[in-house]
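Sending over a structure as structure tokens; questions will come in a sec.
Every value quoted in this text rests on a predicted model; they were computed, and no experiment measured them. Remember, it's 1-based here, ligands and their atoms both numbered in the order they're listed.
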Amino acid sequence: MGKRIVLALGGNALGENLKEQMQAVKNTVSAIADLVAAGHEVVIVHGNGPQVGMINLAMEEAYKTTAKMGHIPMTVCVAMSQGYIGYDLQNALREELLDRGIGKPVSTIITQTLVDGNDPAFKDPNKPIGSFYTEAEAEKMTADGVAMMEDAGRGWRRVVASPKPIGIVECDTVLALLKAGHIPIAAGGGGIPVRQDSGNHLKGMPAVVDKDFASAKLAEILDADMLVILTAVEKVAIRFGKPDEKWLDELTVADAEKYMAEGHFAKGSMLPKVQAAVRFVSSKPGRKSLITMLSKAKEGIEGKTGTVVR
Ligand code: ADP
Ligand code: MG
């Protein structure tokens with residue numbers, strides 16, 4: 001029986017630059033096509049860290065040298081990243097499917113993610129983005145009201161908030177496409193963060209939503225059977241990187257909570273994945289999450305590998 005699956009693609013599915021991306025995407029779509037061929041309904045969510053960083057950098061450089069150009073907000077950078085990653089992914093997947101005799105339409109939805117304007121994350125922006133600045137430049141920017149932070153000894157960077165998603169604005173579009181047998185690519189980079197403003201206006205926010213959390217929210221709204229988070233490791237480990245590390249086949253919500261409290265999952269990499277997996281599983285009985293690597297996705301969904309959270 002085919003399942004409804006939300007697939008969250010990590011950084012290694014796309015590479016660090018356009019050249020790497022075009023190569024990586026070939027492997028990525030082959031793994032996705034295996035799932036489609038097996039009869040699953042698939043929604044694709046992708047990360048955008050390096051891509052949005054590159055766009056933001058280009059925009060900042062152009063801003064410095066081009067008098068006519070105004071400041072380009074983060075929301076627009078995320079929208080651009082969804083556009084060009086989606087363009088590449090949808091074409092590659094379309095071709096791969098057609099080569100296998102599968103004529104399913106694939107398209108990218110420019111997706112906005114609803115966040116709460118009162119999310120505590122806005123009081124403590126801590127996600128570094130874009131180019132590095134000297135301390136003097138950072139001081140000037142701080143005086144201009146831009147939040148800045150020293151990033152691991154490498155220089156000063158702009159920081160934005162990482163609020164939790166509370167809704168996906170275009171979810172009805174994604175659902176309609178799924179029901180019509182299409183393959184949607186949605187909520188790329190966690191979606192463009194917006195908050196409900198007065199009237200019907202959605203206001204773009206200077207923030208970045210974690211793509212693992214956005215995937216969990218989308219999976220919840222679409223009533224998916226499974227959230228599949230694809231990353232660079234086949235399984236989740238406890239005591240990761242230590243001599244007595246242990247790879248997990250299964251993780252209950254209770255164990256996950258315990259291991260999170262004990263600090264087994266690195267902040268900013270594995271922790272948001274386990275948190276997202278737990279959120280989806282806890283949202284309704286019977287829902288499962290899987291964390292594994294791209295090349296093991298099909299086997300993982302068949303229950304043969306990966307870490308299943310239930
Ligand atoms: P993505 O781009 O897929 O979001 P990340 O690099 O953010 O990938 O997160 C995945 C990485 O998290 C893995 O490649 C691994 O190096 C690291 N990691 C940290 N803690 C753990 C853990 N406990 N178990 C497995 N991997 C872990
Ligand atoms: Mg990550």
Side-chain angles (χ1 to χ4, degrees), residues 5-17 20-21 23-25 27-29 31-32 43-54 78 81-82 85 88-89 113 126-129 151-152 160 162 164-165 185 187-191 208-219 226-280 289-297 300 305-309:
I5 295 169
V6 171
L7 268 190
L9 302 178
N12 63 336
L14 298 171
E16 294 277 327
N17 54 49
E20 282 181 26
Q21 180 176 309
Q23 194 51 51
V25 155
N27 299 324
T28 303
V29 297
I32 299 172
V43 179
I44 303 161
V45 179
H46 58 78
N48 74 345
Q51 294 82 3
V52 81
M54 188 179 86
V78 175
S81 77
Q82 288 184 350
I85 295 170
D88 202 5
L89 261 181
T113 297
N126 57 19
K127 194 165 172 73
I129 53 153
D151 186 5
V160 294
S162 189
K164 296 285 178 292
I185 300 169
V208 177
V209 178
D210 187 286
K211 69 106 180 31
D212 297 312
F213 286 122
S215 310
K217 180 50 76 182
L218 186 61
M226 232 178 163
L227 169 65
V228 177
I229 300 178
L230 299 176
T231 185
V233 283
E234 186 165 346
K235 293 179 187 182
V236 178
I238 49 171
R239 301 183 292 275
F240 178 67
K242 306 224 170 81
D244 60 343
E245 92 190 326
K246 185 181 166 210
W247 300 99
L248 306 172
D249 297 326
E250 252 200 29
L251 192 52
T252 62
V253 169
D255 282 344
E257 306 278 8
K258 180 172 147 262
Y259 296 146
M260 283 193 272
E262 291 171 1
H264 286 278
F265 313 125
K267 222 179 136 189
S269 62
M270 190 46 77
L271 182 61
K273 296 182 200 313
V274 175
Q275 286 174 326
V278 164
R279 264 173 194 247
F280 177 63
S289 298
L290 170 72
I291 301 174
T292 190
M293 63 207 285
L294 187 68
S295 57
K296 301 283 177 180
T305 188
T307 303
V308 176
V309 183

Residues at least two apart in sequence or cross-chain that pass side-chain hydrogen bond (donor to acceptor under 3.5 Å, both in side chains) with Thr28, listed by chain then number, are none
Any non-hydrogen side-chain atom of Val233 less than 4.5 Å from a side-chain atom of Met270? yes
Given 3.5 Å as the limit, does a donor-acceptor pair link the side chain of Thr307 with the main chain of Lys235, or not?
no
Heavy-atom proximity to atom 17 (C) of ligand 1 ranks first, among Ser269, Gly10, Pro272, for Ser269
Closest to atom 21 (C) of ligand 1 (heavy atoms only, candidates Lys242, Met270, Met293) is Met270
Ligand 1 atoms nearer than 4.0 angstrom to some heavy atom of Ala232 are 14 (O)
inquiry  = So for Lys273, does at least one of its heavy atoms come nearer than 4.0 angstrom to any atom of ligand 1?
reply    = yes
Sorted by chain and residue number, the side-chain hydrogen bond (donor to acceptor under 3.5 Å, both in side chains) partners of Asp151 (sequence neighbours excluded) come out as Arg154, Arg157
Atoms of ligand 1 under 4.0 Å from any heavy atom of Gly11, numbered from 1 in the order shown, are 1 (P), 2 (O), 3 (O)
May I ask you to decide if Gly188's main-chain N or O and Gln82's side chain share a donor-acceptor pair within less than 3.5 Å?
yes
Going by distance only, is there an N or O of His264 that falls short of 3.5 Å from an N or O of ligand 1?
yes
*Does Ala237, backbone or side chain, put an N or O under 3.5 Å from an N or O of ligand 1?*
yes
**Report entry** Distance-only N or O hit between ligand 1 and Val233, under 3.5 Å
**Finding:** no
Thr231 to ligand 1: N or O pair under 3.5 Å?
yes
- Exam field: side chain Thr292 to backbone Glu234, donor-acceptor pair closer than 3.5 Å: yes
- Query: What do you reckon, does Lys211 put a non-hydrogen atom under 4.0 Å from ligand 1?
  - Reply: yes
Check: Within the side chain of Ser289, is there an N or O that forms a donor-acceptor pair under 3.5 Å with the backbone of Ala277?
Finding: yes
